[in-house]
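This one's a predicted model, so the numbers in the text were calculated from it and none came from an experiment.
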Amino acid sequence: MGRVRSVVRGALATLRRAAPPLALASALVLAPGAIPASATAATSAAASASPALRTGQEHDIPPLLDDDGRTLTVHGWNVEDKEHHGDAALSAITERQFRDLRSHGFNFARLLIFWDDLEPRRGQYSPRYLGKIERILNWAEKYDVQVLIDAHQDVFGPAFGHRGIPAWATRTDGLPFTPHPDDWFAEYYEPAVQRAFTHLYADPDLQRAQGRMWRLLADRFGGHPAVFGYDLINEPMGELRKGEELPTAARRIEAQQITPMYNRLTRYIRAVDRDSRLFIEPTPIVGEGVPTGLGTVRDRHVVYAPHFYNAAMEAGADYDPKAGWIESYEAAVTRYPRRQRIPVVVGEWGPLNNGLPNMNRFYRDALASLARYSSGWAGYVWCYGGGYCAADREGRLRTNKELTAAPYAAAVAGRARSQVHDPGRGRYRLVYDAHPGGRTEISLPPAARFRMVAVSGGAWSDTRAVPPGRPAVVTVRSPRRTRVIVTVSTAGDGHFVRPAGGLLPDRDAPAALAREGVARVVRVAVVVVRS
């Protein structure tokens, strides 16, 4: 949603013209029973219990898999340039961003691209723009960052002063548009913008143009090593009918207009690229705890990619742990992927004011929630400065955003049973049933102290020494099917310090590792980080 002010305030901007105050309130209140009390209570209980991170298992949602059947987790950030277009398009995106992403342990980037820059005139695609996208993908490959190519739109496109769908593909039937400089998300509810979405979904020539755009991108970049998948359209919206409540309208638009669009675009992409993942989004109304009305997208590589924003926080308010927003969102957003049997990767999340008093609690609650049902996420946004930016001008993660740089299992060669990250105790623990011969990869963020990595269950690690302030990737292999436990400690004492790259002898393991909860240690690799 990036820099969105408020779904609620945006809806009010439209509904205020036609409804009395009580009707306005009812239009934005979730219908009774939309989120069962039992589901909210169960989610709340899970949030306050242990920090176990069992991706998708609490909600019976399938994991994200690679071609070898490994369970994947992606952690990263959006990368964008909304300010420049034409010859200067994408110039704000640099190699530094991918280097810095990887230096903090992230392995994923959602790259915003704009149809209006790709095809500024109907049928005339910009080779310069395609070349810039390829240069960015090459940087990502260099630093081992996987990229999701996102066809982004904000308030439809340049016909309304924003970016996305070209002006030549914008049809309004002469309906009015009034800018809202102080609340641009409210512009989605202007009649001209809503009618433009209706034409995009319904007009055969625009359907073909959008499909050809995606076929071109898939044909050009489908074989690039850095391409993880395609996000078919950012935060699709639509046209409300007179007297229609917002949740009802969102579900209708998703079921009757957005789902058919996704199936059309899938056919265009699969004509040239049969393997890349297809990320599909609901309307942003899902952020208010409204279950999506999306139907089935007929493809074996579909990923559900909702955004995770709260209206009040996007307007600048602090997080209210007692309001139950995260619990309501989780209960609602997990219904669709559980029913469709598809994995979840959250495409955008993160508040505007991350330094408010309750934001540390928000990041902890949000990360725990995301780990319960998703295979990963992309925060908004990797830039250097204030506001939504992840990092300061020197590249350091800003207040509370440093909590996003945590250990995670980027790839598990087997079935992940649990991941537990306890930052207070400085310990991360992964338990999985190994597939023989596979390679499990655990991403560790930079640490100021040494790390100790213990592996049990007939497996071994090839971890190496890592200098202070550098990330690490722990690789674990097993020659047979077995239960493997990997424990990473960053809060040990001098007892664990060994020469760089050295191994802790098996005879020392039981006493040294008993308090780490690791049994039957076969081999222990120690990573020493000198402070």
Side-chain angles (χ1 to χ4, degrees), residues 2 66-67 72 74 76-103 106-154 157-158 163-166 209-234 265-266 268-279 301 303 305 345 347-348 378 380-384:
D66 68 5
D67 293 339
L72 302 181
V74 293
W77 293 82
N78 283 257
V79 177
E80 68 175 27
D81 180 2
K82 292 186 177 181
E83 305 302 322
H84 301 94
H85 58 87
D87 289 343
L90 301 177
S91 59
I93 299 176
T94 66
E95 182 177 354
R96 178 195 179 190
Q97 287 165 288
F98 293 92
R99 182 181 66 244
D100 289 354
L101 273 168
R102 196 58 182 164
S103 73
F106 301 111
N107 66 349
F108 185 56
R110 180 174 179 259
L111 172 65
L112 279 58
I113 66 165
F114 299 103
W115 184 5
D116 59 285
D117 267 324
L118 177 61
E119 191 179 1
R121 289 173 293 280
R122 183 192 291 268
Q124 297 183 20
Y125 300 101
S126 169
R128 183 181 180 90
Y129 193 67
L130 291 167
K132 289 186 175 184
I133 295 172
E134 186 166 15
R135 180 176 65 175
I136 291 170
L137 293 175
N138 290 342
W139 289 333
E141 181 188 6
K142 178 179 178 180
Y143 295 103
D144 198 21
V145 174
Q146 293 292 289
V147 174
L148 174 63
I149 298 177
D150 163 46
H152 207 83
Q153 65 80 31
D154 291 320
R163 306 298 312 283
I165 296 153
Q210 188 186 24
R212 287 194 296 264
M213 179 269 295
W214 262 119
R215 185 171 59 194
L216 172 71
L217 288 170
D219 190 36
R220 175 71 179 263
F221 302 118
H224 196 287
V227 171
F228 191 77
Y230 312 119
D231 194 332
L232 301 184
I233 185 171
N234 177 70
L265 296 180
T266 295
Y268 277 94
I269 291 171
R270 290 304 181 223
V272 294
D273 180 353
R274 302 193 62 83
D275 297 319
S276 294
R277 299 167 184 87
L278 305 181
F279 285 61
H301 289 310
V303 179
V345 173
E348 290 187 25
Y380 187 85
V381 56
W382 193 271
C383 55
Y384 304 94

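Of all heavy-atom pairs between G229 and S276, the closest is CA-CB, 4.5 Å. The minimum heavy-atom distance linking M213 with L118 is given by the pair CG-CD2, 3.5 Å. Heavy-atom minimum distance, K132 versus L90: CB-CD1, 3.9 Å. Taking both residues in full, the closest heavy atoms of I93 and E80 are given as CG1-O, 3.6 Å, listed atom of the first, atom of the second, then distance. The two residues V79 and L101 have their closest heavy-atom pair at CG2-CD1, 4.2 Å. Considering every non-hydrogen atom in both A89 and D117, the closest pair reads CB-OD2, 3.5 Å.
The distance from the CD1 atom of I149 to the CG atom of L217 is 6.5 Å, given to the nearest 0.5 Å. Here the straight-line distance linking atom CD of Q210 with atom CG of L265 works out to 4.5 Å at 0.5 Å rounding.
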Can you give me every donor-acceptor pair (side chain of residues 108-115, partner residue at least two apart or in another chain, under 3.5 Å) with its distance?
| unit_1 | atom_1 | unit_2 | atom_2 | d |
| --- | --- | --- | --- | --- |
| R110 | NE | D231 | OD2 | 3.1 |
| R110 | NH1 | N78 | OD1 | 2.7 |
| R110 | NH1 | E348 | OE2 | 2.8 |
| R110 | NH2 | D150 | OD1 | 3.2 |
| R110 | NH2 | D150 | OD2 | 3.3 |
| R110 | NH2 | D231 | OD2 | 3.2 |
| R110 | NH2 | N234 | OD1 | 3.0 |
| R110 | NH2 | E281 | OE2 | 3.0 |
| W115 | NE1 | E119 | OE1 | 2.8 |

List the atom pairs, with distances to 0.1 Å, where a side-chain N or O of residues 133-142 and a protein N or O form a donor-acceptor pair under 3.5 Å, not counting sequence neighbours.
| unit_1 | atom_1 | unit_2 | atom_2 | d |
| --- | --- | --- | --- | --- |
| E134 | OE1 | R220 | NH2 | 2.9 |
| N138 | OD1 | H224 | NE2 | 2.8 |
| N138 | ND2 | E134 | O | 3.4 |
| K142 | NZ | E95 | OE2 | 2.7 |

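F279 pairs with exactly one of V345, I233, L232 by the side chain to side chain contact (heavy atoms under 4.5 Å, CB included) rule, that one being V345.
Using a distance-only test at 3.5 Å, with no hydrogens or angles considered, a donor-acceptor pair links the side chain of D116 to the main chain of G164. Side-chain atoms of R128 never come within 3.5 Å of backbone atoms of G86 as a donor-acceptor pair (strictly under, hydrogens ignored). Between the side chain of D81 and the main chain of S91, a donor-acceptor pair closer than 3.5 Å is present.
Taking the side chain as every heavy atom from C-beta outward, V145 and F106 never approach each other to under 4.5 Å. The shortest side-chain heavy-atom distance between F221 and L130 falls under the 4.5 Å cut-off. Residues L72 and F228 are in side-chain contact: their nearest non-hydrogen atoms beyond the backbone lie under 4.5 Å apart.
Not counting sequence neighbours, the partners of A218 by the side-chain contact (heavy atoms from CB on, under 4.5 Å) test are Y230, I269, V272, D273. Here R122 pairs with nothing under the side-chain hydrogen bond (donor to acceptor under 3.5 Å, both in side chains) rule; sequence neighbours left out. In this structure R99 satisfies the side-chain contact (heavy atoms from CB on, under 4.5 Å) test together with R96, Y143, sequence neighbours excluded. Considering only residues two or more places apart in sequence or on other chains, D67 meets the side-chain contact (heavy atoms from CB on, under 4.5 Å) condition with none of them.
Side-chain contact check for W382 and Y380: no donor-acceptor pair (N or O, by modelled atom type) lies under 3.5 Å.
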